[in-house]
There are 2 protein chains.
Amino acid sequence: MEEQTPRLCPDTIKSLEIICVGTELLMGHTVNTNAAYLAEQLACTGVPSYYQSVVGDNPERLLEVIRMSFSRSGGAILTGGLGPTADDITVETIARMLDTGVVIHPESQERIERHFQAHHIPMTPSNLKQARVPVGARILPNDRGTAPGGILEVCGKVLIWLPGPPTEMREMFEKSVKNYLKSRAPLHIESTYIRLFGIGESAAEDRIKDLMIHQTNPTIAPYCSTGECMFRISYSSTPGHTDSSAREPVDHLIKAVSDRLGDYIYEIGKRTLPEVVSDLLRERKKTISFAESCTAGLLTSMIGEYPGASDILSGSVIAYSNTSKTDLLGIPSQLIATRGAVSEEVAMEMAIRCRQKFSSDLAVSITGIAGPDKGTAGGPVGLVYLGFSQQDKAFVRCLRLSGDRSRIRYITALNALDLIRKELIHEG
Amino acid sequence: MEEQTPRLCPDTIKSLEIICVGTELLMGHTVNTNAAYLAEQLACTGVPSYYQSVVGDNPERLLEVIRMSFSRSGGAILTGGLGPTADDITVETIARMLDTGVVIHPESQERIERHFQAHHIPMTPSNLKQARVPVGARILPNDRGTAPGGILEVCGKVLIWLPGPPTEMREMFEKSVKNYLKSRAPLHIESTYIRLFGIGESAAEDRIKDLMIHQTNPTIAPYCSTGECMFRISYSSTPGHTDSSAREPVDHLIKAVSDRLGDYIYEIGKRTLPEVVSDLLRERKKTISFAESCTAGLLTSMIGEYPGASDILSGSVIAYSNTSKTDLLGIPSQLIATRGAVSEEVAMEMAIRCRQKFSSDLAVSITGIAGPDKGTAGGPVGLVYLGFSQQDKAFVRCLRLSGDRSRIRYITALNALDLIRKELIHEG
């Protein structure tokens, strides 16, 4: 079946809707990350998408939204509803919509049997349901689970269905759907992300407003998340008409934005701030240690998230209590008593002594008041000191942050990372 | 306007759709947490919801999905599109749909002016756009931002609109929408959550399958997320017919589930595992310290996330490198050389010495291989040792986890928390 020619092949897909199937989404027990992922992927591949829908495990409602996608868009990409139970209705509903039958797909059957053998789980007859596919579909193998996905083109419309679990869905999309969509997209879109820290969205926009207004291709669009903002530069062209000169206006625009925003830019590409800092440390063959108080390990954990952290991360002391600042880092209790645990002096000592304790090239300290209460340290919620120490240099920076405990801790960690980034860059 | 009687008041709302407006959702730059929040809230208030939709900042498409919600549901609850720019189309589109005009709402205007004064931001004429509301609407004040929300009932249908930023939306929903919906819900639903750790979803379901099959009211529904699973017990009754005896079948079912799943249950209620452990430590007046290696601060950070962590958290050593295990915790380098950094013996020493260093009542250590490479420690990816130490007792537990680096670190931290929980409970 995998080799069978699709019944009708639309030259380009004018647009696709995203339809996510699952009562757990309707009940709010699962946040719909699949929709966000697919939306971003559709934008990248150049297939426009104007509608997203969620329906539960209900065949009539699913049929209705699929029908709607045929009437107002070029079809739909669906996730979910491919499980082994009676609740899982996607395959049957697609077959109904396209007026075709459902058959067992032998390769998927073998794959499912092997999966159960490999995991030493007894297989029940209901598991074989997942090998049932609509007649005429191109079947997409599932390398991370049991349910295959599929593509069916009919009457100039296309339906693509993928499993609901995000890891299975993403791998299947990457391997079997992305290039298919690119080859049928009405536009070829190339996007570059410029990532900023330390400047608000509106202030950043103000600096490049003229570029944003006058650009039609490439375009610049701003996006912001907690503590960070980002500009996406997208260049669209007609497929088959992309030549090497297409990069020129993009590069020109990136340069213009870089000139205006300089040091605020930590990445032109896909890396996060912790990744950029980790890579800088690795390139410069430096090790780092942290002395964290109010962030309680959040900063260290952000570096520890990335593979190969052992090359650069010596370790940390989370000196949450005052006695631990004294016992573990050797901060004089007298200093804490006179200046306060949240003070420039204590932050400085924490950084210097942390670096000594771990024999690392760099050290960063954090002491602050994350709230909601002021605690015993005195000073307002959101007051944070960052200390930095290296062989020939040590200094302290004071932050005054707003928001709840969770935000203050997170923004503090980002500030610490950005401070390390700037020190490493300016050192050369 | 706020006091004006709604034009037509449907006795009950049979169902509501969720419609989220915003090009950032269609582009996949924002994950739609608003839909998940509102879906859960609708389920809790007893208003059924069978459809969710997302459209961009496009009046025709928004009008179309609102129309659809009137034809197939009892109306819709909308978020987004209430900003000050020309892109923000929700209020105008609602007015068009309901064939009514748009007027300035004086209280909202004052509120917006005060907001800008308080934040020392110059106000532009476009900001006043946010004070424009559909004629006849009940206006919902925004205590966290500038755009008011609203409720309009017409022809037996209802439209509710809320701002897009999640903090503004949630506060407005809690203060002004929740009770309104409860009073018009066709059902009164009470839900209780039973939260489990250490058992998979299917194994947990197997133990209570008979209860799940035979229950119609209350019902039990399973939900799972990374490393955890949860059962929701929901009891529905007709509004006005809820008496105190309604709790009986719910309590009976909770007891039956508890008998079957015992120790796996860490919470009957809303608290997360780190919250439960924090509360247990606080109740028992115990302090804790951590020695983390592969989790690199993640465990400590999960405890640090909750207010009042300073009562229970002494601190941590993140002993990432072998030398830091020796220098900071005093683990003999000989022991690391002979047994390996990832070994039962090193985990035991880390826990015991951590407790001594911090003078805490309890200590937990973690040493393991989070991957993707085996590193220098030897042993397979996913091999983790957890050490536990208190005054009269110390032991080590070995975990063999699967998945990627991020999952292994997270599941390790959850296992450590659950180990602490069980030790505190069994100690009494």
Side-chain angles (χ1 to χ4, degrees), chain A residues 24-33 35-43 49-56 58 61 65 223 290 292 294-301 303-305 307 309-310 313-321 323-324 327-328 357-359 371-373 375 405-406 409, chain B residues 24-33 35-43 49-56 58 61 65 223 232 290 292 295-301 303-305 307 309-310 313-321 323-324 327-328 357-359 371-373 375 405-406 409:
Chain A
E24 73 283 6
L25 294 166
L26 277 189
M27 299 293 285
H29 289 289
T30 306
V31 174
N32 197 351
T33 55
Y37 173 84
L38 289 174
E40 192 169 12
Q41 292 297 325
L42 288 176
S49 179
Y50 305 114
Y51 298 91
Q52 296 171 8
S53 304
V54 172
V55 287
N58 178 296
R61 294 192 194 108
V65 293
Y223 301 98
F290 301 104
E292 298 188 52
C294 64
T295 44
L298 183 62
L299 172 58
T300 312
S301 184
I303 293 286
E305 181 72 16
S310 47
L313 177 61
S314 301
S316 298
V317 167
I318 301 170
Y320 212 74
S321 66
T323 51
S324 70
D327 294 351
L328 272 286
K357 287 271 174 194
F358 284 96
S359 312
D373 301 322
R405 180 178 178 87
S406 171
R409 296 174 73 234
Chain B
E24 73 283 6
L25 294 166
L26 278 189
M27 300 293 285
H29 289 289
T30 307
V31 174
N32 197 351
T33 56
Y37 172 84
L38 289 174
E40 193 170 11
Q41 293 297 325
L42 287 176
S49 180
Y50 304 115
Y51 299 92
Q52 296 171 8
S53 305
V54 172
V55 286
N58 177 295
R61 293 191 195 109
V65 293
Y223 301 98
R232 187 171 87 137
F290 301 104
E292 299 188 51
T295 44
L298 183 62
L299 171 59
T300 313
S301 184
I303 292 287
E305 180 73 15
S310 48
L313 178 61
S314 302
S316 299
V317 167
I318 301 170
Y320 212 75
S321 65
T323 51
S324 70
D327 294 351
L328 272 286
K357 286 273 174 195
F358 285 96
S359 312
D373 302 322
R405 180 178 177 88
S406 173
R409 294 174 73 233

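Throughout, a chain's letter reflects where its sequence line sits, starting with A, and its residues are numbered from 1. Just so you know, these numbers come straight off a predicted model, no measurement behind them.
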Legend entry - Check: Ala296(B) main-chain N/O paired with Thr300(A) side-chain donor or acceptor under 3.5 Å: no
Please walk me through it: do Phe358(B) and Leu328(A) pass side-chain contact (heavy atoms from CB on, under 4.5 Å)? CA-CA 8 Å; Phe358(B) 285 96; Leu328(A) 272 286; 3.6 Å; yes
The reported gap from CG in Leu313(B) to CD1 in Ile303(B) (rounded to nearest 0.5 angstrom) is 7.5 Å
Under 4.5 Å to a heavy atom of chain B? For Arg61(A) that would be both
Max heavy-atom pairs within cutoff under 4.5 Å with chain B, candidates Ser321(A), Ser316(A), Ala36(A), Ser359(A), goes to Ser316(A)
Note: vs chain A, highest number of non-hydrogen pairs under 4.5 angstrom among Gly56(B), Ser314(B), Gly371(B), Ser324(B) is Ser314(B)
Salt bridge (Lys or Arg N to Asp or Glu O under 4.0 Å) filter on Glu24(A), not counting sequence neighbours, yields none
If one checks every heavy atom of Arg405(B) against chain A at 4.5 Å, the contacting part turns out to be side chain
Taken in chain and number order and not counting sequence neighbours, the residues that satisfy side chain to side chain contact (heavy atoms under 4.5 Å, CB included) with Ala35(B) are Ile18(B), Cys20(B), Asn32(B), Gln52(B)
Highest number of heavy-atom pairs under 4.5 Å with chain B among Val317(A), Leu26(A), Asn58(A), Thr295(A) belongs to Leu26(A)
The interface call for Ala43(A) against chain B, heavy-atom contacts under 4.5 Å, is side chain
Of the listed Gly315(A), Ser49(A), Ala319(A), Gly297(A), the one with the largest count of heavy-atom pairs under 4.5 Å with chain B is Gly297(A)
Among Ser310(A), Ser301(A), Ser53(A), Ala39(A), the residue with the most heavy-atom pairs under 4.5 Å to chain B is Ser301(A)
d(Arg409(A) CZ, Cys294(A) SG) to nearest 0.5 Å is 8.0 Å
